[in-house]
Structures are given as C-alpha cells and as structure tokens.
Amino acid sequence: MDKKQSRMKRALKLRCKIKSLNAVRLSIHKTSQHIYAQVISGDGTTTLASASTTQTQIKAGLKNTNNIEAATEVGKWIAKNAISAGVSEVAFDRSGFKYHGRVKALADAAREAGLKF
C-alpha cells in the first residue's frame, strides 16, 4: 500500500464516523503549495464556509502559501466565516492527513478563533 492509498483509507474511516454522527464538518485538503478548508453541512450537500491560501485576501498578507503561518491564517479565516454563517461546533475532517504540521496549525488557529471540535 503506498502513501496515498494509506491516506485515503484513513480518510474513509474518519468520514464514515462523522457521517454516522450527522455533524457539520470542517474538511481540509493540502497540496505542496496551498491549503484549503471548508465547512460542510451535516448531510454533505452544502458548503457553508470556505477559506484557502488561493484567496487574494489571505494570500496578500503571506510571504509563502505552503507553511505553518499560511495554515494559521486559513484557520482564522475559516473560523470567522463559519461563525458568521451560524456554525460554532464542527467535526474535524483531516482527510486522512496526519495531525501534524500545517494540519495541526490550522486546527489550533480555528479553535483559538472560536470554533469548537
């Protein structure tokens, strides 16, 4: 099993658990250059809020878009957008990525900005 298959297996297990709870989820995705975050409704049909390092407001204040500082900024923005959409409690869907580095920075920043998971 290669690295991507292992990640997808972890993601599937986690998403099945979140789906059984019917919880609003904070889903993240990261690439080598950017990090993306979405708040998705409990039934999985609607995106309630989103933020990423490709957005001009976030990108303007950053030197690089692929580091922990960028992930922290995205975490703050997603929390602000989610709270303005009326969501205060989410389940964290890390998409199979290990809770470490940029993923951890995004989660910590979202918690500090007011999201609960």
Side-chain angles (χ1 to χ4, degrees):
M1 189 176 302
D2 66 348
K3 192 175 188 179
K4 185 174 180 181
Q5 287 175 332
S6 296
R7 183 181 73 81
M8 296 308 289
K9 186 176 178 183
R10 284 191 302 268
L12 184 63
K13 287 192 293 188
L14 184 65
R15 286 191 183 129
C16 286
K17 179 63 176 176
I18 291 172
K19 191 172 184 177
S20 70
L21 298 172
N22 200 22
V24 175
R25 65 186 168 116
L26 170 61
S27 178
I28 62 119
H29 181 72
K30 67 177 185 164
T31 63
S32 61
Q33 292 299 312
H34 296 284
I35 191 159
Y36 308 87
Q38 295 180 8
V39 175
I40 302 170
S41 65
D43 58 359
T45 59
T46 310
T47 300
L48 305 172
S50 66
S52 72
T53 53
T54 60
Q55 293 176 333
T56 55
Q57 302 95 342
I58 297 173
K59 190 186 252 187
L62 300 173
K63 186 176 179 183
N64 293 323
T65 58
N66 61 350
N67 57 13
I68 289 177
E69 293 172 17
T72 302
E73 197 64 30
V74 171
K76 291 175 188 174
W77 275 83
I78 193 67
K80 184 179 85 166
N81 292 345
I83 290 170
S84 68
V87 177
S88 62
E89 191 167 331
V90 296
F92 188 57
D93 177 6
R94 54 189 171 81
S95 301
F97 296 110
K98 295 184 179 179
Y99 189 80
H100 157 74
R102 292 189 287 162
V103 175
K104 183 179 179 193
L106 189 145
D108 291 342
R111 278 191 194 105
E112 287 176 12
L115 276 182
K116 296 180 182 119
F117 26 115

For [X], what residues pass the side-chain hydrogen bond (donor to acceptor under 3.5 Å, both in side chains) criterion, not counting sequence neighbours?
{"X": "S84", "answer": "none"}
{"X": "R10", "answer": "none"}
{"X": "T54", "answer": "S52"}

[X]: which residues meet the side chain to side chain contact (heavy atoms under 4.5 Å, CB included) condition with it, sequence neighbours left out?
{"X": "L62", "result": "T53, I58, A70, E73"}
{"X": "T45", "result": "S41, D43"}
{"X": "K13", "result": "none"}
{"X": "A71", "result": "I35, R102, A105, L106"}

Determine all donor-acceptor pairs shorter than 3.5 Å in which one atom belongs to a side chain in residues 19-27; sequence neighbours excluded.
| from | atom 1 | to | atom 2 | distance (Å) |
| --- | --- | --- | --- | --- |
| S20 | OG | K17 | O | 2.7 |
| R25 | NH1 | D93 | OD2 | 2.5 |

For residues 55-72, the salt bridge (charged side-chain N to carboxylate O under 4.0 Å, His left out) pairs (sequence neighbours left out) are none
Would you mind listing every salt bridge (charged side-chain N to carboxylate O under 4.0 Å, His left out) that reaches into residues 44-53, with sequence neighbours excluded? none
Does anything in residues 44-95 pair up under ring-ring contact (aromatic ring centres under 6.0 Å, His included), and if so which pairs, sequence neighbours excluded?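 Listed by first then second residue: F92-F117.
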Qualifying ring-ring contact (aromatic ring centres under 6.0 Å, His included) pairs, either residue in residues 20-62, two or more places apart: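 Counting only pairs at least two positions apart or across chains, the ring-ring contact (aromatic ring centres under 6.0 Å, His included) contacts touching residues 20-62 are H29-F97.
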